[in-house]
Amino acid sequence: MSSSSPAVATPALAGEEGRLAPALPPRRPAGGGWRRIAIAAGFLAPALVFLGAFVVYPIVYTLIRSMFDRSGDGFVGFENYARMFTNESTFTAIRNNVIWVIVAPALCTVLGLIFAVLADKVRWGTAFKLIVFMPMAISMLAAGVIFRSLFQENPELGAVNAGIVAVQNAFGGGAANYEGARPRPEGSLVEEGGSIAGGATVAPGGTQDFPLVGVRAGDVPEDAVQAAEADEVADGIAGTVYLDNIRGGGGTPGEIEDGKFGLPGMTVHAVDGSGNVVGSGTTQADGSYQITGLPDGDYTVALPATNFVAGGQGVSWLSSAFITSVIILSYVWIWAGFAMIMIASGLSAVDRSLQEAARTDGANEWKVFTKITAPLLAPVLVVVLVTLIINVLKIFDLVYVIPPGASKPAANVIAVEMWTVSFGGGSDQGLGSALAILLLVLVLPAMIINVRRLRQEKQS
């Protein structure tokens with residue numbers, strides 16, 4: 001008796017050649033796609049509202065505001081942008097921002113790389129990292145106050161110049177000084193902040209004398225001779241710095257006469273209307289000086305405070321010549337720790353077997369570092385560098401705090417210029433908005449590079 005095999009239900013229809021056809025995907029319930037979209041929109045809505053209110057709207061409003069005049073009522077088109085690129089202070093700000101972008105991020109990244117590699121090789125690496133990273137815990141404002149105090153021109157106040165003066169005095173390099181020198185109260189000279197300046201501006205071809213009193217006889221150098229009138233120069237300013245009294249009494253105050261000695265070795269500065277030192281000279285044995293090569297204009301002639309301190313003279317770190325370097329140094333002091341921590345985290349993920357293999361093949365530490373360690377850290381170095389570039393383009397706090405009033409124009413950057421013309425006395429929010437758009441345009445390329453780098457890392 002034969003029995004027939006039971007029929008087996010197949011999950012899919014057979015193909016022409018006996019192959020099974022692929023199973024159809026399960027059907028989704030109607031309306032499921034819209035439900036998922038609604039749920040996603042509900043979660044994204046707060047973030048979209050936040051971005052629209054605090055990012056998109058301010059950018060659009062700033063762009064529109066940059067097309068209007070100071071009052072905000074008159075449409076001026078691109079006039080504010082034209083003014084921005086024809087303004088001397090804006091050119092100074094752009095130039096300083098270029099210096100910042102080139103120097104500060106590269107210096108922070110290089111120091112961070114060196115610190116990270118060194119900390120990886122010493123036993124007390126954790127303590128070293130803590131010390132280097134500690135300035136990150138200090139606010140920009142506090143760091144600015146610290147560096148302004150450190151680099152004060154007066155050696156009795158600034159630690160840096162105190163060290164320089166101590167070295168100068170130790171090796172006999174102290175320059176002539178006239179501690180206690182002062183102008184006569186009834187004269188035209190002005191004493192402020194330890195320096196002595198002429199009461200009126202002087203044009204090239206003019207003269208500015210400095211009759212001083214209060215100099216002890218022992219402070220007058222042995223090479224000092226009878227004070228004499230300085231020869232005028234057509235492209236500069238001349239004058240005489242002299243001791244305005246005669247031993248034994250007599251004489252007319254403010255007049256160069258027989259018996260009055262010149263004060264040699266004094267530094268004399270010519271300062272323009274922006275507070276920048278544009279020329280300097282040194283007094284000769286008879287007290288005469290010349291400052292040549294000055295363009296047309298009116299200048300204030302001053303004797304800096306370093307002429308009147310005991311011992312050697314320090315450096316005018318906070319002057320217009322060095323102020324940007326001091327501010328960049330303070331930035332590096334703060335952010336080198338950030339670069340070190342970021343690079344150290346990347347270094348911990350490096351395959352150490354490659355380094356050991358190179359050492360086994362006879363490579364020295366420098367070749368291991370340059371040929372293996374640094375290339376493997378390239379992605380991290382790029383992220384650190386671009387992040388710091390974005391940061392320095394927006395630098396404001398340190399530039400606003402560290403420079404004294406006379407040096408602020410020389411240290412100007414775009415962010416400070418934007419604040420100054422908008423809220424710091426300029427009251428021109430049209431021009432300030434144009435500067436804000438310029439800053440946004442400069443920051444965008446670095447931000448795009450950073451975003452693309454992060455996407456590439458996620459895909460890899």
Could you check whether any side-chain N or O of [X] sits under 3.5 Å from a backbone N or O of [Y], counting only pairs where one atom can act as donor and the other as acceptor?
X: Asp428; Y: Val421; result: no
X: Asp223; Y: Ala285; result: no
X: Asn276; Y: Ser320; result: no
X: Asn307; Y: Tyr178; result: no
X: Ser280; Y: Val268; result: no
X: Asn161; Y: Val315; result: yes
X: Ser288; Y: Gln284; result: no
X: Ser407; Y: Pro403; result: no
X: Asn80; Y: Phe68; result: yes
X: Asn96; Y: Ala410; result: yes

- [ ] Please assess Val278 against Leu294 for the test side-chain contact (heavy atoms from CB on, under 4.5 Å), listing each intermediate value before the final yes or no.
- [x] CA-CA 7 Å; Val278 295; Leu294 298 177; 3.9 Å; yes
TODO: Measure the acute angle between the ring planes of Phe50 and Phe54, then classify it against the limits of 30° and 60° as parallel, tilted or perpendicular.
DONE: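 Answer is tilted, since the angle falls between 30° and 60°.
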Open item on the list: Quick check: Phe128 with Phe115 (ring centres under 6.0 Å apart)?
Closed with: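 That pair passes the under 6.0 Å test.
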- [ ] Sequence neighbours left out, what passes side chain to side chain contact (heavy atoms under 4.5 Å, CB included) with Ile59? Give chain and number order.
- [x] Val55, Leu440
- [ ] Determine whether the side chains of Tyr299 and Thr201 contain a donor N or O and an acceptor N or O closer than 3.5 Å.
- [x]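 No - no donor-acceptor pair under 3.5 Å links their side chains.
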Open item on the list: Can you confirm whether the side chains of Gln429 and Ser422 place a donor and an acceptor under 3.5 Å from each other?
Closed with: no
TODO: Output all residues satisfying ring-ring contact (aromatic ring centres under 6.0 Å, His included) with Tyr400, sequence neighbours left out; order by chain, then residue number.
DONE: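 Phe396, Trp419.
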Open item on the list: Asp120: which residues meet the side chain to side chain donor-acceptor pair (under 3.5 Å) condition with it, sequence neighbours left out?
Closed with: Arg352
- [ ] Identify the residue among Ser195, Ser319, Ser316 that makes a side-chain hydrogen bond (donor to acceptor under 3.5 Å, both in side chains) with Glu153.
- [x] Ser316
Open item on the list: Within a 6.0 Å radius of atom CE on Met447, are there more than 12 heavy atoms belonging to other residues, nucleotides or ligands?
Closed with: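 Count not over threshold, so no.
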Open item on the list: Using side-chain heavy atoms (C-beta onward) and a distance below 4.5 Å, is Val301 in contact with Phe210?
Closed with: yes
TODO: Have a look at Val443 and tell me which of Ile448, Ile389, Ile390, Leu438 forms a side chain to side chain contact (heavy atoms under 4.5 Å, CB included) with it.
DONE: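 Exactly one option meets the side chain to side chain contact (heavy atoms under 4.5 Å, CB included) with Val443, and it is Ile390.
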